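Written below as structure tokens is the structure these notes are about.
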Amino acid sequence: MIRDSLAAALRAALIEAGIEPPAEIHLERPARRVHGDWSSNVAMATAKNNGRNPRDLAGELVATLNASPPPHVARVEIAGPGFVNFHLHGTWLYDVLGEIIDAGEDNYARLDIGHGQRVNVEFVSANPTGPLHAGGGRWAAFGDALCRILDRTGHVVHREYYLNDRGVQMTLFAASLAARQAGLDVPEGGYVGEYIKEWAAEMPPGADPAAWGYERAKTDLRESLAAVGVEFDTWFSEQSLAEGGAIDETLADLRAKKMAYDQDGAVWLRTTDFGDDKDRVLVKSDGEPTYLLPDIAYHRNKFARGFDLLIDIWGADHHGYVARLQAGVLALGHQPEELEIILGQLVVLVKDGQEVRLSKRAGELVLLEDLVDAVGADVARLTFLLQSLDTRQTIDLDLITTQSNENPVFYVQYANARIHSIARKAAAAGITRAPLAEVDLSQLVHDREFELLRKLSELPEVVAMACHDRAPHKVTTWVRELAERFHGFYHDCYVIGDVPPELTQARLWLVESAQIGLGIGLDLLGVSAPEAM
RNA sequence: GCCCUCGUAGCUCAGCGGAUAGAGCACCGGCCUCCGGAGCCGGUGGCGCAGGUUCGAGUCCUGCCGAGGGCGCCA
């Protein structure tokens, strides 16, 4: 990798200047091309501690580097307050092309960050008391994309959905179904949504509303998620946890570790030992466990199944619950880094210019299923993956449905369609690709070609960053930028047609590398790469 | 009152502590005798406010203003 060789050269130059190199030599791609292909701030970063002037030091480094330039380096320059800028020959990008082709879609930008770490990612986990609303699609799309990124970066990933199939909400759900079936109003605090009527009508006479309703809801959830391409490895039932005695075992465990105590007829967890504001109740004075205890038991179960890292993806409305669950897991003797809770801001749905309240009980529902029916899985997924989980996402249902053609997904997929169009054109013209080793890549000298390759060269870093920051939208951004570069190339650089055969050959391989990059990016997002649109 | 997230162009959003802050939509103006115009090129227009740290701050810290969410023996 060019980055490593530049860093090594800088390290050597620093030593020659009598300065101990920092552990990390920072290299970045300047925003402006006039600043070269790669740039380093080491002179500015190390000058002060060594009693040197940044520009003087940079000048010294530049002189050393220019005296015997590293591979591909045309010249090194000092710029601004002390940047060391590397201007490279296009040959470094030909190497990138070669790397991409050698690695292929399976292996380019496949990293080993995780070293086989076993990760359980739990997401969506909406209660099995009704269909999934459209906002839930954000968790589905994000969770699945994160899993794909984790998988590509050397983690062993397990997708899990937690079903809260016991407790008061299930009782109310069952009672609501039973009431509707009997033609009565739902009980106080029950579920009044239209779907309850529909489901009640489906329910066979004599069926147990709780058991039947649970299965009905689970099926609905599974199908809605499958429609956006999300499938779980495990659907974990809270009820099964209780029946297996895990809740009692967990409580006994916490008591044995002196982390639980009795007071006022209730059982408390010492969450304050782990930074919580106050201790929390595990078992209420009426003998019923709170939500917390089964949840701790559930996480205990996940660890028992051999996972090294648990990732929970929650809506920001559960923020207040983070500290106590973390405390519960620590109380069991686990380390803080074994449980990672990712909070995401909630989705705001807008219809007819009005915010749609999302509540299963209140009734007004916009279903994920309806959204997918209206715009398709690709548009839905990419829409959810356009922005950071830290921002409150507003989805205007009228906009997304009527103007779905303007969704960035089409821009990206169109690039892929053009790639395949070129392939079809080549096939029709009887042009076949010569082996890469026999092709003269130095034919590629157009800015559009270089810009495309530069963008492709970033993918491994983008994947690493998306993994590190748990930020799939960084892949989305990259894919859009890659498509932009490709469209520019496509517009200005004909592959088939009035160009010399050697250039056609080189460009065919460039197109191939673009297809590989695009394919990887779209796959990480779970968006399809159609050959024609 | 305390805690979390956010505040960037008219709108929706990107932006690993780096150099002259970018896209899409909207608006204005260009580009098809040639691989798909769902495209390309150009223009208008912006970091909530005030301090601080730093060689350098949209990015880090503090305060203020504004938006959303959270602070139960609810789930």
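First the proteins, then the strands, lettered A, B, ... as listed; each starts at 1. These numbers come from a predicted model, not from an experiment.
A salt bridge links A:D276 to A:R280: at least one charged side-chain nitrogen sits closer than 4.0 Å to a carboxylate oxygen. For the pair A:R55 and A:E60, the salt-bridge criterion is not met [side-chain N within less than 4.0 Å of a carboxylate O].
At least one side-chain nitrogen or oxygen of A:H473 sits closer than 4.0 Å to the OP1 or OP2 atom of B:rG15. Between B:rG15 and A:K474, a contact under 4.0 Å exists linking OP1 or OP2 to a side-chain N or O. Remark: A:K284 is in phosphate contact with B:rC74, judged by side-chain N or O atoms under 4.0 Å from OP1 or OP2. Look at A:R32 and you'll find a side-chain N or O under 4.0 angstrom from OP1 or OP2 of B:rG22. For the pair A:Y411 and B:rG37, the criterion of a side-chain N or O lying under 4.0 Å from OP1 or OP2 is not met. In this model, the phosphate group of B:rC3 is not approached by any side-chain N or O of A:K278 to a distance below 4.0 Å at OP1 or OP2. At the phosphate of B:rA14, OP1 or OP2 sits under 4.0 Å from a side-chain N or O atom of A:T391. The phosphate of B:rG37 (OP1 or OP2) has a side-chain N or O of A:R418 nearer than 4.0 angstrom.
At a cut-off of 3.5 angstrom, counting only N and O atoms as typed in the model, there is no donor on one side facing an acceptor on the other between the side-chain of A:T476 and the base of B:rA14. Scanning atom types as modelled, one donor and one acceptor separated by under 3.5 angstrom connect the side chain of A:N41 and the base of B:rG18. Side-chain N/O atoms of A:S285 and base N/O atoms of B:rC73 include a donor-acceptor pair closer than 3.5 Å.
Side-chain proximity of A:D277 to B:rC13, B:rC71, B:rC16: nearest is B:rC71. Of the candidates B:rA38, B:rA19, B:rA14, B:rA14 carries the atom nearest the A:T477 side chain, counting heavy atoms from C-beta on. Of the candidate nucleotides B:rG72, B:rA19, B:rC13, B:rC13 has the atom lying nearest to any side-chain atom of A:Q387. Closest to the A:S39 side chain, of the nucleotides B:rA19, B:rC4, B:rG39, is B:rA19. Of the candidate nucleotides B:rU12, B:rC35, B:rA75, B:rC35 has the atom lying nearest to any side-chain atom of A:I422. Nearest nucleotide to the side chain of A:Q169, out of B:rC16, B:rA75, B:rC35: B:rA75. Proximity note for A:H26 (side chain, C-beta onward) versus B:rC16, B:rU54, B:rG70: the nearest is B:rC16. Nearest to the side-chain atoms of A:Y414 among the listed nucleotides B:rC73, B:rC3, B:rA38 stands B:rA38. With B:rG18, B:rC31, B:rA67 as the candidates, the nucleotide lying closest to the side chain of A:R392 is B:rA67. Of the candidates B:rC3, B:rC74, B:rG24, B:rC74 carries the atom nearest the A:V168 side chain, counting heavy atoms from C-beta on.
Using a 4.0 Å heavy-atom criterion, one finds that A:N85 contacts the bases of the nucleic acid, with or without backbone contacts as well. A:R424 comes within 4.0 angstrom of a base, heavy atoms only. Using a 4.0 Å heavy-atom criterion, one finds that A:A532 contacts the bases of the nucleic acid, with or without backbone contacts as well. Contacts of A:H35 with the nucleic acid, taken as non-hydrogen atoms under 4.0 Å apart, include base atoms. Among the heavy atoms of the strands, none lies under 4.0 Å from A:A31. Residue A:A316 is classed as a sugar-phosphate contact, given heavy-atom separations below 4.0 Å to backbone atoms only. Residue contacts shown for A:P81 include a base, since a base heavy atom lies under 4.0 Å away. If you check every strand for non-hydrogen atoms under 4.0 Å, A:D264 touches a base.
Only one option out of A:R480, A:K455, A:E449, A:R454 pairs with A:R485 in a side chain to side chain contact (heavy atoms under 4.5 Å, CB included); it is A:K455.
With values rounded to the nearest 0.5 angstrom, A:I313 atom CD1 is found 5.5 Å from A:L146 atom CG.
Base pairing of B:rG17 is not made with any nucleotide, judged by Watson-Crick or G-U wobble geometry with both donor-acceptor distances under 3.5 Å. When Watson-Crick and G-U wobble pairs are counted only if both distances are under 3.5 Å, B:rU33 pairs with no nucleotide at all. Using Watson-Crick or G-U wobble geometry with both donor-acceptor distances under 3.5 Å, B:rC74 finds no partner in any strand shown. Across every strand in view, B:rA23 sits in a pair with B:rU12 that passes the Watson-Crick or G-U test at under 3.5 angstrom. Pair check for B:rC64 finds B:rG48; Watson-Crick or G-U wobble, both atom distances under 3.5 Å.
Comparing A:R166 and A:S40 by the nucleotide of RNA chain B whose heavy atom lies nearest to each, the residue mapping closer to the 5' end is A:S40.
Atom CD of A:Q263 is surrounded by more than 12 heavy atoms from other residues, nucleotides or ligands within 6.0 Å.
By the 30° and 60° cut-offs, the orientation of the rings of A:Y191 relative to A:F173 is perpendicular.
When the P atom of B:rA38 is taken as reference, atom CG of A:N407 falls 16 Å away, rounded to whole Å. Going from atom CZ of A:R448 over to atom P of B:rC41 covers 4 Å, rounded to whole Å. Between the CH2 atom of A:W478 and the C1' atom of B:rG24 there is a distance of 19 Å, given to the nearest Å. A:H318 has its NE2 atom 14 Å from the P atom of B:rG72, to the nearest Å.
A:D396 places a side-chain N or O within donor-acceptor distance of the main-chain N or O of A:D398, the cut-off being under 3.5 Å. Checking side-chain atoms of A:N301 against main-chain N and O of A:A297 turns up no donor-acceptor pair under 3.5 Å.
Annotated as anti: B:rC16, whose glycosidic dihedral deviates from 0 by more than 90°.
Annotation: B:rC41 and B:rG18 have their C1' atoms spaced 30 Å apart (nearest Å).
With no hydrogens or angles considered, no side-chain donor-acceptor pair links A:Q169 and A:N164 at under 3.5 Å.
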